[in-house]
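For reference, the structure discussed in these notes is given below.
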Amino acid sequence: AHSSQIASMRLIIALLSSGAATALSATTARPSASARTNLLQVLADVVPSDRFSAPPDGAKRIEDAVAALEAAATDDEKPSFPRDLMVIDGDWDLRFTNNAPPPPPDWVPFDTSGLAGRDVVQKIDVMGRRVKNCVTVAPWPSAVLDGLDGLPLIGAPLAALSKASVALSLDHSFSVDGDGSTPGTRKAAGTNRVNIVFERLDRTLTGLDRDKAPEFAELLPVETGYDVPEIARAANAAFAATGLDGSAFDTTYCDETLRISRGGNPLRGELRVFTRVAAPAPPTPEVADEDRFIVAPDMEGDPEDSMPSD
């Protein structure tokens, strides 16, 4: 009887394990999994780590891999707005775009990554209906400036700029057909297009060596911001309505960490691939414990010793 009970328990455990494994494989083995893995591998192979563009042959490989993933995507991976807007909410790193110049050839004698921009992040705030495209640029090759610091008059300012960079934030409002923010019938789903209108530019200067050119540094504010005039916004919105200005993007694929975006103007054929910015790691248990401690003041001695005198 005892051996019979053991055999029954083993059978139950085997069935439960099999069911759990089946459920796990059903959630992880999507039909698009192979195409998704292939796209990420191609990106790693052909896009330099400090850039977001690729040589023509590499760009072709990426475009083919993107098309394969779009074809294999399930309905859950093809969002329909406004119902699925929250899937694109958050910060996204730009991994590739075909709307940027390719990397320079290897024989270029200095680093030009700052010229093209780096740290390109798209911040989407669905609840606030905002899209911010953020990029860091250094429109001066630092290796070149380092060799010009001995020039009269301009040498010191150039030396001060050699390690500096400018962070730009292009702030847009956005709308989706059917969400009630634009004329027309409200509806839950039916489009994957987001329409954006450029409204504000913010600029932040970092890394300027003010000690090398203090008078020059005084002329350069650390932060500046510019609102797009209302008349210009109206003109941009009117042009956007034609569909020819590129101020709309279609989300053709999106999962938890990967998003494919295509420009709304088919004549330009813009393609962008994003990966979600990883959330900051939670504090370690030791740090969390430290945060719970309250340091009591030292009550030893005469309290009057710490009282201010008249």
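The figures that follow rest on heavy atoms only: side chains count, while hydrogens, waters and symmetry mates do not.
Annotation for Val46 and Pro55: closest pair O-CD, 4.0 Å, computed over non-hydrogen atoms. For the residue pair Ser169 and Lys132, the shortest heavy atom distance occurs at OG-CD, 3.8 Å. Nearest heavy atom pair, residue Ala35 against residue Ala72, reads CB-CB, 4.3 Å. Between Phe96 and Val47, the closest heavy-atom pair is CD1-CG2, 4.2 Å. Listed here is the closest heavy atom pair of Glu70 and Arg262: OE2-NE, 2.9 Å. Scanning both residues, Val176 and Pro82, for their nearest heavy atoms gives CG1-N, 4.1 Å.
Listed by first and then second residue, the salt bridge (Lys or Arg N to Asp or Glu O under 4.0 Å) pairs that reach into residues 214-229 are Arg200-Asp227, sequence neighbours excluded. Sorted by first and then second residue, the salt bridge (Lys or Arg N to Asp or Glu O under 4.0 Å) pairs involving residues 89-98 (not counting sequence neighbours) are Asp91-Lys123.
To the nearest 0.5 angstrom, Gln122 atom CD is 8.5 Å from Leu94 atom CG. One distance of note links CG of Leu69 with CG of Asp255; it measures 8.0 Å at 0.5 Å rounding. The CG atom of Asn99 sits 10.5 Å away from the OG atom of Ser53 when rounded to the nearest 0.5 Å. Note that CG of Asp76 and CG of Asp84 are 8.5 Å apart. Values are rounded to the nearest 0.5 Å. In this structure, OG in Ser173 is found 9.0 Å from CD1 in Ile196, a value given to the nearest 0.5 Å. We find the OG1-CG distance between Thr275 and Leu258 to be 7.5 Å, quoted to the nearest 0.5 Å.
The hydrophobic cluster containing Phe81 does not contain Val197, counting ILVMFWY residues as joined when their side-chain heavy atoms lie under 4.5 angstrom apart, directly or transitively. Grouping the Ile, Leu, Val, Met, Phe, Trp and Tyr side chains by contacts below 4.5 angstrom, directly or via other members, places Val42 with Leu40. There is a path of hydrophobic side-chain contacts, each under 4.5 Å, that joins Phe249 to Val135.
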Item to check | Intermediate values then yes/no, side-chain contact (heavy atoms from CB on, under 4.5 Å), Tyr253 and Ser261 | outcome: CA-CA 7 Å; Tyr253 175 93; Ser261 172; over 6 Å; no

Checklist entry - Going through the distances and angles, do Ser175 and Arg129 end up as a side-chain contact (heavy atoms from CB on, under 4.5 Å)? => result CA-CA 7 Å; Ser175 61; Arg129 290 299 195 266; over 6 Å; no

Checklist entry - Checking side-chain contact (heavy atoms from CB on, under 4.5 Å) for the pair Asp209/Lys212: CA distance, chi angles, key distance, verdict? => result CA-CA 6 Å; Asp209 191 339; Lys212 291 185 177 179; 3.1 Å; yes

Next on the checklist: Assess the residue pair Met127 and Asp125 against the criterion (side-chain contact (heavy atoms from CB on, under 4.5 Å)); give the C-alpha distance rounded to whole Å, side-chain angles, the decisive distance to 0.1 Å, and a yes or no.
Outcome noted: CA-CA 6 Å; Met127 300 304 293; Asp125 175 10; 4.0 Å; yes

Next on the checklist: One pair to check against side chain to side chain donor-acceptor pair (under 3.5 Å): Thr257 and Arg276. What are the steps and the verdict?
Outcome noted: CA-CA 5 Å; Thr257 58; Arg276 188 180 292 278; over 6 Å; no

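Side-chain atoms of Thr97 and Glu270 include no donor-acceptor pair closer than 3.5 Å. Side-chain contact, Thr136 with Ser165: no donor N or O sits under 3.5 Å from an acceptor N or O. Arg259 and Thr252 share no side-chain donor-acceptor pair at under 3.5 Å.
Residue Val277 is found in a hydrophobic cluster whose other members, listed by chain and number, are Val121; membership requires side-chain heavy atoms under 4.5 Å apart, directly or through intermediates. Membership of an apolar cluster is not assigned to Ile231, as no side-chain contact below 4.5 Å to another ILVMFWY residue is traced.
Annotation: side chain to side chain donor-acceptor pair (under 3.5 Å) contacts of Thr251 (sequence neighbours excluded): none. Qualifying ring pair (Phe, Tyr, Trp, His ring centres under 6.0 Å) partners for Phe198, counting only residues two or more places apart in sequence or in other chains: His172.
With Arg203 contributing its side chain and Tyr226 its backbone, the two residues share no donor-acceptor pair below 3.5 Å. Under a 3.5 Å cut-off, the side chain of Asn98 and the backbone N or O of Leu271 do form a donor-acceptor pair.
Salt bridge Asp57/Arg61: absent, no basic N to carboxylate O contact under 4.0 Å. Using a cutoff of 4.0 Å between basic side-chain nitrogens and carboxylate oxygens, Lys60 and Glu63 are not scored as salt-bridged. Ion pairing of Glu77 with Arg36 is absent here, as no side-chain N (NZ or NE/NH1/NH2) approaches a carboxylate O to less than 4.0 Å. Salt-bridge annotation for Arg130 and Asp171: present, with a side-chain N of the basic residue lying under 4.0 Å from a carboxylate O of the acidic one.
By the 4.5 Å heavy-atom criterion applied to side chains, Pro31 and Thr74 are counted as neighbours. Asp202 has its side chain out of reach of Leu168: every pair of non-hydrogen atoms, C-beta onward, lies at least 4.5 Å apart. In this structure, Thr224 and Pro221 have side chains that are in contact, with non-hydrogen atoms separated by less than 4.5 Å.
Within 6.0 Å of atom NZ in Lys78, more than 12 heavy atoms from other residues, nucleotides or ligands are found, so the atom counts as buried in its surroundings.
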